[in-house]
Each structure stands twice: as C-alpha cells, then as structure tokens.
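Working notes for the structure below.
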Amino acid sequence: MKSKEIRSQFLEFFKSKYHLIVPSAPMVVKNDPTLMFINSGMAPFKEYFLGNGKPKNNRIADTQKCLRVSGKHNDLEEVGMDTYHHTMFEMLGNWSFGDYFKKEAIEWAWELLTEVFKIDKDILYVTIFEGDASEGLEHDSEAYNFWKKFVPEDRILNGNKKDNFWEMGDQGPCGPCSEIHVDIRSAEEKAKIPGRDLVNQDHPQVVEIWNLVFMQFNRKANGSLERLSAQHVDTGMGFERLCMVLQNKQSNYDTDVFTPLIREIETITNSKYGADEKKDIATRVIADHVRAVAFSIADGQLPSNTGAGYVIRRILRRAIRYGFTFLNQKEPFIYKLIETLTAQMGEAFPELLSEKNIITNVVREEEQSFLRTLDQGLVLLENIIENSKSKGNNEISGKKAFELYDTFGFPIDLTALILRERGYSLDEKEFDIELQKQKERSRSATKVETGDWIVLAEDDIEEFVGYDMLQTPVKISRYRKVESKKEGEMYQLVFNLTPFYPEGGGQVGDKGYLKAPDGDLTYILDTKKENNLIIHFTKTLPRNLAETFTAVVDELNRKNTAANHTATHLLQQALRNVLGTHVVQKGSMVQGRNLRFDFSHFAKLTEEELKEVEDFVNARIREGIVLEEKRNIPFQQAVDEGALALFGEKYGDTVRAIKFGNSMELCGGTHVPTTKDIWHFIITSEGAVASGIRRIEAITGDFAKRYFIDRSNSFSAIQKILNNAQDPLKTVEALQEENYDLQKQIKGLLKDKAKDLKGDLKAEIEQINGVGFLAKKIELDAAGMKDLAFEMGGESENLFLVFGAEQDGKALLACYISKKLATEKNLDAGKIIRELGKYIQGGGGGQPFFATAGGKNPGGIDEALEKAKFFV
Ligand code: ATP
Ligand code: MG
C-alpha cells in the first residue's frame, strides 16, 4: 500500500466513526509564548483540553505535521542515527473532547490496525500504566480489561510513569496512556529473544507506533493532580512508522515516504545508500532535515539568528555538515532536493508547491553562507593547531574549540574529527564544561515560573469588544502570577470581556490601564493570547479584585497602530500593483511607532519603484476610502469573494474580512475607519531579509509629521551654518567642489616635497663595499615611501635603501634593493624586512627588490635602521 493510501485510509476509518476530518495546523506556532513548533497532534487543540474554547465537533481526526527539535520533545540527536525517529513527521490522530473514552479508543485502534490494515496480531504488543504510589495513581485496570478482549495477557505489559503517563507540560491536562508496539524482526531473531523483552528498549525493529492518551487529570503548579470534569482521548500514531510496517520494511527510510529523496541524494552525491554506515547516517540526516526545513519555510518560518528561526537554521546546518564531512559535498546541494520533495508531497501539502521557489532560494543561500563559515572555521582551526604545535602540545584546549563553536558556529564534532585525523586530541571535558555553563546561562535567563490560575468567576468566553470600544466596564475572571529573570514578577489577568487587542497577525498587543471605582489605576503593559485566552500583563494586582473596573486602552497608541495596520494593507496592494502579483506577504510587524512588511520579490526595489509605491499608498490615503468590515463570515465565503489567505496562518471556520476599496484581506487586526486618518505614508528603509524576500519599513500619521518637522529643522540648521545661504544645496555643492580642488593641490605639494627630499637624501648616500647605502627615517606614508624609493632607484643601479616612518602611532619600514644588486649579491629585501620587522614588533614581506613591514612599536624604528647596515 502506498503511503498516500495509508494516510487516506486512516482518515476514512475515523470518518466512518463520525469524526470530523480537519487539515493539519501549521507546524510553526505563532502567537503562543509557550510553544515554538507543533510537537504532537494534540497541540493545536490545547485550548479545548484546557476548557478555553469549544471544538467544532467532539470527535476529530487528522494528520498533523510535527517537529520534535526543541523543548520537551527533542529527537534531533537520534535522527539519522536510528531509522525511526524524525525531526519532522506526520502524526495521525483521533480525538474525543469529552465524548468517548478508553473503551472506544482501544476498540477502534485494534480494529483499524488488525482488520483494515490487516497487521498480524502476533506482532503487536500493548502497554498500560502500572500506577504510581507516590502520586496516589492506580494501575490502569480499566484499559487492561478492554485490551484483554483482543490481546493475550502475556502481550499486555505494564509501563512506568515515564512511558505510560502523558503530560502536556509541567502543568495542565494529563493522564495514563496505552501504547501499541510492533515487533518486525525476523522469525529467527524472535526465537532468540521474545518481543516483550524488547518493548520500550530502543530496539529499531520493536517500536512504538501508536499512543492512546486518556486525559483525566489536571497537573497544578504545586505538582498535585486534580480530576478533570470532562475526560478526553488524544491519540497519536507515527505515519512513517505505520508505513514501514505496512510496506514490510525494516526502516522508515525504506518506505516510499523517503525513497525518492534518498535516490536523489545518491545521484547528486554519487554515493550508494546501504554501503557504508557513516554515509548512510548522513543520507538519512539529509533526507530527514530537508523536509523539516522545507515545511517550516512553507509555513513562513525562515532560518534566522533567534528563536524558531535559529532552530531551523541549526537543523539545516546539521544536514550541511553531514553532507560536507561524509558525502564530500563542498558546494550547496540540499536545495536541489526541493524539487523531488515538492513533487512527492505537494499534493497532500499544497503549501510546498506554492512556496517552492522561496524554499529553494533560501536553502541555497543558507548553504552557501554556512559553507563559507566552515571554510573560515577550517582556517581558524589550522591556526589553533599551528599554535599548539609550536608549543609542542598535542591536546587542543576545550575552551578554544568552544570559541570556534560558539562564535563562529563551527561544529564541535567536525573539530574533533579533524583533530583526530591530524593526530591531535581535544580536551572534551573542558569543552563540555563550557557548553554546560552556556546552557545554564541561557536557561536561567529564560526560565519562567507560572502559578496556577486563581479563578474568581467561572466564565467560558472572554469576548473581544475592542473593534468598537476602547473603554468598557470589566470584571476579572481569573489571574495568576508569573516570574522570570527577564521580566521579574508579573501578573496575568483575564477579564469577562476586553477592549484590549492581544498581539497577533503581526500587530502588537494593546497597552492601557484598569481604573478602580476609587480612581486607583493598574497599568496594563501588554496583551497576548495564549490557548485562546486573552491575557493582560500587569506589574501589580488591583487592591480589590472583585470590583468592576473600567478597562481603558491607550487611545493614541491604538490609533497610531491602526493607522500603520491599514497602511500595511495598502502597501501590499501597492506592491502587487507596482511589482506584480508574485508579491506575497511573508511577515509583518505593526506597532504605533512604525510598520514592517516582508514580502516575496526577487530584486532590490529601484528609487522609482519605491516612489511609485509611496505615491500609490498616499493616493489611497487622499481618497479617504472607508473601511468595510465583515465579521464572522465563513472562511470559504471570504476566499471565494477574493480575500487573500496566507499559508502558515491558522484560520477559524469563520473569519473577519477587511476591505478598503476593491482589495479584501483576512485580518483580525484593528484598522482606521477611513484611510484619511493615516495622514501620510513614508518608506524609511528597504532591504533584503533572505534570498527572494524583501523588507520595507515605513511610518505614518504623527510619526510622519515628526519626520517632516525634523527634516525641516535640520534643513534650517544647515542653512544657518551656511550663513543663511539662499540655496543651501548649491552652496554645499560649491563647497564640495572647492574641497576637491584643495585636495588635488595638497597632493601636488606633497609630490614636490618628496622631490626636494630626494635631492637631500641623495647627498646622504654612503658608499659601503661598492654599494650605495642609505637608512633613514622620513615623514611619508607607505605609498610616499614606495614612490620615493623607486624614483631614487631609477637613477642608480646599486642602491640599498631602508626607510622608516611613523604613522598614527604605528611603525612602517620599507627596503629597496636595485634589481641588479639583488641578483649579483644575492640579497633579498623580503627576508631583510622580516628581520628588521622584529624591531618594530611587526612583520611584513614582499619581493627581493622591494618589501615593506608594519609594526606596533615606532620606538624600534631607529634600531631597525641602525641594524640595516649590517646586511650590506
Ligand atoms: P518514542 O519513544 O519512540 O520516541 P514517543 O513516546 O516519544 O515515541 P509519542 O510522544 O507518544 O511518542 O508520540 C506518538 C507517536 O508518534 C509514537 O507512537 C510514534 O509512532 C510517533 N513518533 C514519536 N516521535 C517520533 C519521531 N521523532 N519521529 C517519527 N515518529 C515519531
Ligand atoms: Mg520520543
């Protein structure tokens, strides 16, 4: 069975059990401070398990793109080494939100595997939670009894808290789980060791394929457990592992999910998969990582230097390094795999197809730049080795290796490998200590302690009323304390309803305050959304939490932000108009001060294009287009009416559409009622973010006014300096011209001076052993010294000149030997200057007839000049 059919059969099966089939959520998480990437099928549904929202259906099934490279789930180091862990993989899952529980979950899993997929019952094992006395948790006999109907008791194994008690995080919903494992070893192997002894023992052919989680508890901040009022089912099955079983393979990489990529890697790198263990690992790493990177870019996460972008960059670099070291790839090559990947997965995940060009360009560029880093690192490593050699040391310090790794991004295993090849060793202990120290530093900097929610009033939905109101009476429904090194102690407040816009869709969160009836103010510093709750951040708590407060949004900041948000939409229209419809938004950041807009385009914008874009936006502003807003319209309707939806954005069933003139966009942000309110739009910068992606920054409204005023002020200041010139531009141009003429004159004068000097110096030449010798300190720069030496040399055939000069606190030396003299007497200016360079604490070199040296000790010039005579 082809992988495509396996995927669709899974979904069909659960559809027949009345599950709603939904598409995969984007893998890159936006606007959730607690998670960077979706790492399991349940993550997009967190809000339902926490009770902060209601799902469309209480039974759902899907295949979800997951990435396990950071945080609680990090499989990165396993990937490639083994044959069944990936960074990015698909997790097939079925969910019950307060609907069915253990019985159905177990029955259906068994039915699907053994009756639909026809997996041999004799290769399956299941595990159940054995209980944990320290937490007062019992053996999951309920699950045991359901399994017993299908599975012989000696194939039902007990598992401990680590394997069989699932937790979302340090806090939140959790419960016992039951895993299904397969034993796909040969009969011979099975006869030697029974499969039950290998379950959960990291055996590559006895692996977990499906985990059924029964959520029945909530873990509180103090570690204690409480029962959930509604019980849920969350299951996750590794799609690639399922394909391995159903296609009778021994490795995920031998299934049709991976073979096209592997064949392509073989072709590009001219190697054979399966012939050499090290090369095989490298091939697997590359086949795996290219998927993770491509899917992330398609979801809008480009490689970068911080946060999620940095994680993606590191994954790609890991692949590049394996290719570099084990497959001898010294030029970019991973980008070539995007073609194969999109051809194979594009149908199931259309975002790959539409973003193919950008993915290819970004990967190629990243490869190029990291290969340069590797080259540079190799040179630095060479220096370190030379240095140790000169000290007779065979062990390279871990500190030095850490520096290479930390500052230059040079991979430590590559360092170790090269050292080994060269007969050196590495002080790995010292390296590990440095690495540990750095980890501690970043951990303590980002650690956040979150307290339990204190619920003041049960309230299911915290309505956002901020499109229509900037002030409204509110009650606090719950709050909690959070503490981090960065922010110190903070409180997070949730209201029954709120006018505060939570950060999202590129727009920053609102600021403002809560006013108590007695006039006491509590400032709201930021607003964010977490698991569908709108959270208001404060430094302190109001005195009486039970009161009714007036929530007031900072109006000026909101107005400026709204102006920038609407301007962002107009900017997108302008770009598509001026540059073409290939322009697609790749990111944006809208705040009161300014706006930033990233978009796909292949070249730098010309002055004219920028002007045209500005003019277009300003013309729309002058027109005073009135905002048309459609709230809560079905997603499909909006798209049919021409609204632009973005890949990587998670949209609900109903959306809000924003229309200015004839362009419509899906947007939850806040806008001005008419474009007139933007006042004016000015582009402040344009540049590249990555290959094929440009960034424009711009200002509007009050900030544009400020910009004009500042410019006008500096113009006046310039005018004043120029003695109130009528036309300062003309005056400055005249000054520039004058300056140019003066420089020319100075150059001429210096030349004359050198000529005079030449006359004086000629008189000072001494005859030693038939050689005209002169060593002298002069006041010229390096170029002047050279000119002088060659001019004097042109007039005589046996000159030996050494000049010294001091410039900007540094010492310069030059040595000139007539060519004839150099050959006849076997003199070498290069060698001589290196010797003399020692007196000025520097080095240099050149040719036998002319060489120069620079050094940091001008005090040594005289001595160098004295010693010069010795060479004659
Ligand atoms: P393992 O112990 O094999 O790492 P897990 O306990 O981490 O698995 P879960 O978190 O229960 O796995 O995830 C559910 C299912 O997802 C697993 O049964 C497995 O089939 C699949 N899975 C988990 N991690 C990976 C991975 N890194 N690559 C591919 N599939 C995975
Ligand atoms: Mg795991």
Side-chain angles (χ1 to χ4, degrees), residues 3 6-7 10 24 27 35 37-46 61-95 105 109 112-113 117 119 123-129 157 159-169 173-184 198-215 233-246 249 251-255 257-258 284-285 287-289 291-292 295 311 315 318:
S3 55
I6 296 174
R7 191 189 288 117
F10 173 89
S24 173
M27 185 169 77
L35 199 63
F37 302 103
I38 297 289
N39 57 10
S40 61
M42 64 80 64
F45 303 122
K46 258 165 54 182
D62 69 0
T63 175
Q64 173 63 48
K65 301 177 270 186
C66 294
L67 190 63
R68 292 199 164 179
V69 288
S70 58
K72 181 180 165 213
H73 289 293
N74 188 345
D75 292 336
L76 186 62
E77 294 308 320
E78 263 78 56
V79 173
M81 304 298 159
D82 74 19
T83 49
Y84 59 105
H85 279 99
H86 304 297
T87 53
M88 183 254 157
F89 63 100
E90 284 178 65
M91 198 186 281
L92 304 166
N94 58 294
W95 281 271
L112 176 66
L113 293 183
F117 287 138
I119 297 178
I123 70 166
L124 296 174
Y125 291 85
V126 302
T127 64
I128 54 152
F129 181 47
L157 313 173
N160 58 19
K161 212 168 86 180
K162 183 182 140 281
D163 287 321
N164 284 82
F165 194 84
W166 197 90
E167 311 217 22
M168 191 168 87
C174 55
C177 62
S178 218
E179 305 158 339
I180 304 173
H181 295 254
V182 290
D183 178 1
I184 52 173
L198 295 174
V199 166
N200 273 332
Q201 299 299 320
D202 298 329
H203 190 289
Q205 270 102 42
V206 185
V207 296
E208 174 190 329
I209 55 166
W210 204 348
N211 193 357
L212 317 179
V213 180
F214 312 119
M215 290 200 202
V233 170
D234 149 27
T235 87
M237 172 149 62
F239 170 64
E240 298 76 9
R241 292 187 192 177
L242 178 64
C243 291
M244 164 174 81
V245 177
L246 297 183
K249 303 291 184 200
S251 151
N252 287 6
Y253 294 89
D254 293 338
T255 67
V257 181
F258 283 97
R284 289 197 290 266
V285 164
D288 175 278
H289 291 8
R291 286 168 27 112
F295 274 93
V311 175
I315 298 175
R318 187 168 185 260

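All residue numbers refer to positions in the sequence shown, counting from 1. Counting starts at 1 for both ligands and their atoms, in listed order.
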May I ask you to identify the nearest protein heavy atom to atom 14 (C) of ligand 1, giving residue, atom name and distance to one decimal place in Å? Gly236 O, 3.4 Å
Pick from Lys162, Glu208, Glu179: which one makes a side chain to side chain donor-acceptor pair (under 3.5 Å) with Asn200? Glu179
Check: of Lys72, His73, His86, min heavy-atom distance to atom 28 (N) of ligand 1 comes from His86
To check your reading of the model: name the closest protein heavy atom to atom 4 (O) of ligand 1, its residue, and the distance in Å. His85 NE2, 2.6 Å
Is the shortest distance from a heavy atom of Ile209 to ligand 1 less than 4.0 Å? yes
Sidechain N-carboxylate O distance under 4.0 Å for Arg291, Glu240: yes
For Glu208 and ligand 1, does the shortest N/O to N/O distance drop below 3.5 Å? yes
What orientation do Phe258 and Tyr253 show, parallel under 30°, tilted 30 to 60°, or perpendicular over 60°? tilted
Mind checking the CZ-NZ spacing from Phe129 to Lys161? Nearest 0.5 Å is all I need. 7.0 Å
N/O of Arg68 under 3.5 Å from N/O of ligand 1, yes or no? yes
Element-labelled atoms of ligand 1 that are located less than 4.0 Å from some non-hydrogen atom of Asn211: 11 (O)
Interatomic distance, Leu92 atom CG to Trp210 atom CH2 [nearest 0.5 angstrom]: 8.0 Å
Taking every heavy atom of Cys243 against every heavy atom of Thr255, the minimum-distance pair comes out as C-CG2, 3.8 Å
Decide whether the shortest distance between a heavy atom of Tyr84 and an atom of ligand 1 is less than 4.0 Å. yes
I'd like to know if the side chain of Arg284 and the backbone of Thr83 have a donor-acceptor N/O pair within less than 3.5 Å. no
Identify, by atom number and element, the atoms of ligand 1 in contact range of Asp75, meaning under 4.0 Å from any of its heavy atoms. 24 (N), 26 (C), 27 (N)
Starting from atom 30 (N) of ligand 1, find the nearest protein heavy-atom neighbour and note its residue, name and distance. Phe89 CD1, 3.4 Å
Among all protein heavy atoms, pick out the one at the shortest distance from atom 3 (O) of ligand 1; state its residue, atom name and that distance to 0.1 Å. Arg241 NH1, 3.0 Å
Heavy-atom distances under 4.0 Å are what count here, so tell me which part of Met91 touches ligand 1: side chain, backbone, both or neither. side chain
Quick one: CD on Glu90 to OG on Ser3, what's the gap to the nearest 0.5 Å? 8.5 Å
